[in-house]
Amino acid sequence: MRRAIFPGSFDPVTNGHLDIIQRGCKLFDEIIVAILVNPEKKAFFSIEERSEILTEVLQEIERGDCRVTVDSFEGLLVQYAAEKEAHAIVRGIRAISDYEYELQMALMNRRLQPRLETVFMMPAEEYSYVSSRLVKEVFHLGAQIDGLVPPLVEERMRKKDHG
Ligand code: PNS
């Protein structure tokens with residue numbers, strides 16, 4: 001039984017995240033999509049909203065026999081992973097520019113919890129430039145975001161923006 005944690009802000013979840021989860025499902029029996037509770041970072045969606053959206057869009061992806069659940073966590077990722085008895089952390093790497101920061105985190109996490117492995121996965125090329133930050137930026141400036149996020153995310157972003 002191989003369990004992985006896929007941690008992140010998911011504000012909002014993008015098609016790139018979903019692509020990574022689908023790929024992760026080929027390697028793990030269970031993936032916990034873990035939303036970081038970070039009171040210092042101003043978020044677009046609340047943790048509850050992000051969790052609700054993730055739970056819904058995850059129904060649509062190809063999971064095979066992999067169990068995919070959604071949770072949130074505070075504090076150290078390695079501590080959370082230990083509590084969940086996870087074997088690995090999954091992170092998506094889009095470009096070389098992601099690598100430096102991800103390598104630092106992976107090595108710090110390894111120092112803190114040597115038994116926990118970090119697995120880097122590459123999303124499909126079509127998502128290699130997609131980030132939650134840019135999706136929010138172009139959305140707020142009036143651009144189309146279909147194809148970058150699941151339709152539900154776009155719908156919820158419009159609703160939230162227009163009250
Ligand atoms: O989607 P993000 O914002 O790039 O995800 C970053 C995340 C959640 C993976 C990272 O900030 C994290 O693990 N935070 C938890 C606190 C922690 O353990 N920090 C030390 C990391 S070496």
Side-chain angles (χ1 to χ4, degrees), residues 2-25 27-28 30-58 61 66 68-140 145 148-150 152-154 156-157 160:
R2 311 302 297 173
R3 180 179 295 136
I5 309 281
F6 183 46
S9 304
F10 305 105
D11 186 36
V13 57
T14 67
N15 285 342
H17 291 128
L18 296 179
D19 182 271
I20 295 290
I21 297 167
Q22 282 184 167
R23 289 172 199 281
C25 276
L27 302 181
F28 297 99
E30 183 176 347
I31 297 179
I32 303 174
V33 180
I35 310 167
L36 172 69
V37 179
N38 184 358
E40 264 145 55
K41 210 164 146 185
K42 203 182 161 301
F44 183 70
F45 286 118
S46 68
I47 297 290
E48 292 71 29
E49 288 170 321
R50 280 178 263 168
S51 171
E52 200 181 291
I53 293 169
L54 268 165
T55 304
E56 202 159 325
V57 300
L58 285 170
I61 69 165
C66 179
V68 183
T69 58
V70 178
D71 193 15
S72 59
F73 74 104
E74 274 177 87
L76 274 182
L77 174 60
V78 290
Q79 202 172 322
Y80 172 75
E83 278 162 26
K84 294 287 168 190
E85 296 180 7
H87 303 92
I89 293 168
V90 170
R91 290 287 288 172
I93 295 222
R94 291 161 297 195
I96 291 288
S97 49
D98 283 338
Y99 181 72
E100 234 172 289
Y101 171 59
E102 294 296 335
L103 178 67
Q104 278 184 11
M105 283 207 295
L107 294 180
M108 180 62 84
N109 285 334
R110 181 184 284 168
R111 183 197 159 97
L112 299 173
Q113 183 55 265
R115 279 192 311 252
L116 186 68
E117 292 296 337
T118 296
V119 175
F120 291 147
M121 302 198 76
M122 280 73 68
E125 300 92 273
E126 62 199 281
Y127 304 129
S128 60
Y129 61 93
V130 179
S131 69
S132 301
R133 184 181 63 80
L134 275 187
V135 163
K136 282 183 285 195
E137 183 172 324
V138 300
F139 170 81
H140 284 127
I145 54 166
L148 306 179
V149 294
L152 175 73
V153 170
E154 187 176 357
R156 295 287 296 260
M157 285 178 83
K160 193 151 177 107

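FYI, the numbering just counts along the sequence from 1. Numbering of ligands and ligand atoms starts at 1, following listing order.
Residues meeting the ring-ring contact (aromatic ring centres under 6.0 Å, His included) test with F44, sequence neighbours left out: H140. With sequence neighbours excluded, no residue forms a side-chain hydrogen bond (donor to acceptor under 3.5 Å, both in side chains) with E137.
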Identify all pairs of nitrogen or oxygen atoms, one from ligand 1 and one from the protein, separated by less than 3.5 Å, and list them with distances.
| unit_1 | atom_1 | unit_2 | atom_2 | d |
| --- | --- | --- | --- | --- |
| ligand 1 | 1 (O) | S9 | N | 3.0 |
| ligand 1 | 3 (O) | S9 | OG | 2.7 |
| ligand 1 | 4 (O) | R91 | NH2 | 3.0 |
| ligand 1 | 5 (O) | R91 | NH1 | 3.3 |
| ligand 1 | 18 (O) | L77 | N | 2.8 |

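With rounding to the nearest 0.5 Å, the separation of OG in S51 from CZ in F45 is 13.0 Å. Here H17 contributes atom NE2 and Q22 contributes atom CD; the two are 14.0 Å apart, rounded to the nearest 0.5 Å. Note: M108 CE to L103 CG = 11.5 Å, rounded to the nearest 0.5 Å.
Among residues at least two apart or in separate chains, ring-ring contact (aromatic ring centres under 6.0 Å, His included) pairs with a member in residues 71-116 are F73-Y80.
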